[in-house]
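Data block below; observations after.
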Amino acid sequence: MEGFEGPLDFLLEMVRRQRVDLGRLSILTLTDQLVDAIEDGGGRIPLERRADWLVMASQLLLLKAQLLAPASPEAAEEAGAEARRRLELLDELARMREAADWLAARPQLGQRVFARGEGAPTPPRPQAELYVAFLEATLTMLEGREGKGAEPPLTYRPIPLEFWRIPDALQRIAALLRQHPGGLPLERCLPPIPPHADQRPLKLRAALASTLIAGLELARDGTLDLDQHEPFAAIRYRAVQA
């Protein structure tokens, strides 16, 4: 078309805004240009892009046929209504694309924004670096055994820490609930740990986890109820009356 050069979707937008006279569109020229564009693109143009071209070209052909050759005044009116409906569909498609672009530009959870308790994922180490580290560890082990007999190597056996266990938590919760049938918070069920105890923060976390798991076990058995009025609020244990 004289005075126009651009993609088909932009041409449809120009038609919708009545800036281009669709009656001047040459069907033969449109078909030739579409075929040339597909042939020149070869395998470089994605299949979905070529499908979009065919859909838009068919819509243009249908609009022009309805406008130029109506069978009757009623058919012309129906053609105009159908053309307006299709243009409204194109408007809706444009709004959907704008919304998709807007969503894609927003920070995405797990990539630029992370939920509570999550952090940026640790990038994986290169395979070559892992392979070299494995070879170095193997050579170190072989050098350490060189010149020695067949006696087995010493095994590292760390001393187990005295953590608050789940069976201990079950007994303590049951005893406290007999004394306080109206209920009590989870923190009251923790064992007494002296302020100057060795590794006290770690022992407190272990006791809290064991007490929570013990409470869930008792709630599953129907022995007690767990209440929490809002997220991250205190958890209360209440004995279930038989």
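- Residue pairs meeting the side chain to side chain donor-acceptor pair (under 3.5 Å) criterion with at least one partner in residues 206-217, sequence neighbours excluded, are Glu217-Arg220.
- For Ile173 against Ala214, the heavy-atom pair with the smallest separation is CD1-CB, 3.9 Å.
- Listed by chain and number, the residues in a salt bridge (charged side-chain N to carboxylate O under 4.0 Å, His left out) with Asp227 amount to none (sequence neighbours excluded).
- A single hydrophobic cluster is seen to contain both Leu212 and Leu177, as judged by linkage of ILVMFWY side chains at heavy-atom distances under 4.5 Å, directly or through other members.
- Contacts of Glu92 classified as side-chain hydrogen bond (donor to acceptor under 3.5 Å, both in side chains), with partners at least two apart in sequence or in another chain: Arg95.
- Judged as a side-chain contact (heavy atoms from CB on, under 4.5 Å), and not counting sequence neighbours, the contacts of Leu208 are Leu186, Leu190.
- The structure places SG of Cys189 at 5.0 Å from CG of Leu176, a figure rounded to the nearest 0.5 Å.
- Hydrophobic clustering (side-chain heavy atoms under 4.5 Å, transitive across Ile, Leu, Val, Met, Phe, Trp, Tyr) keeps Ile213 apart from Ile193.
- Hydrophobic clustering, defined by side-chain heavy atoms of Ile, Leu, Val, Met, Phe, Trp and Tyr closer than 4.5 Å, leaves Phe232 isolated from every other such residue.
- Applying the side-chain contact (heavy atoms from CB on, under 4.5 Å) criterion to Arg178, with sequence neighbours excluded, gives Ala174, Ala175.
- Residues satisfying the salt bridge (charged side-chain N to carboxylate O under 4.0 Å, His left out) test with Arg205, not counting sequence neighbours, are none.
- Once rounded to the nearest 0.5 Å, the distance linking CG of Leu216 with CD1 of Ile166 reads 9.5 Å.
- Pro191 is linked by a side-chain contact (heavy atoms from CB on, under 4.5 Å) to Trp164, Ala207, counting only residues two or more places apart in sequence or in another chain.
- Glu98 is linked by a salt bridge (charged side-chain N to carboxylate O under 4.0 Å, His left out) to nothing, counting only residues two or more places apart in sequence or in another chain.
- For the pair Arg188 and His180, the tightest heavy-atom approach, listed with the atom from each and the gap, is NH2-NE2, 3.6 Å.
- The environment of Arg165 atom CZ is sparse: at most 12 non-hydrogen atoms of other residues, nucleotides or ligands sit within 6.0 angstrom.
- Closest approach of Tyr237 and Leu226 over heavy atoms only: CE2-CG, 3.7 Å.
- The salt bridge (charged side-chain N to carboxylate O under 4.0 Å, His left out) test applied to Arg106 returns no partner, not counting sequence neighbours.
- With sequence neighbours excluded, no residue satisfies side-chain contact (heavy atoms from CB on, under 4.5 Å) with Ala234.
- Residues satisfying the side-chain hydrogen bond (donor to acceptor under 3.5 Å, both in side chains) criterion with Arg238, sequence neighbours excluded, are Asp225.
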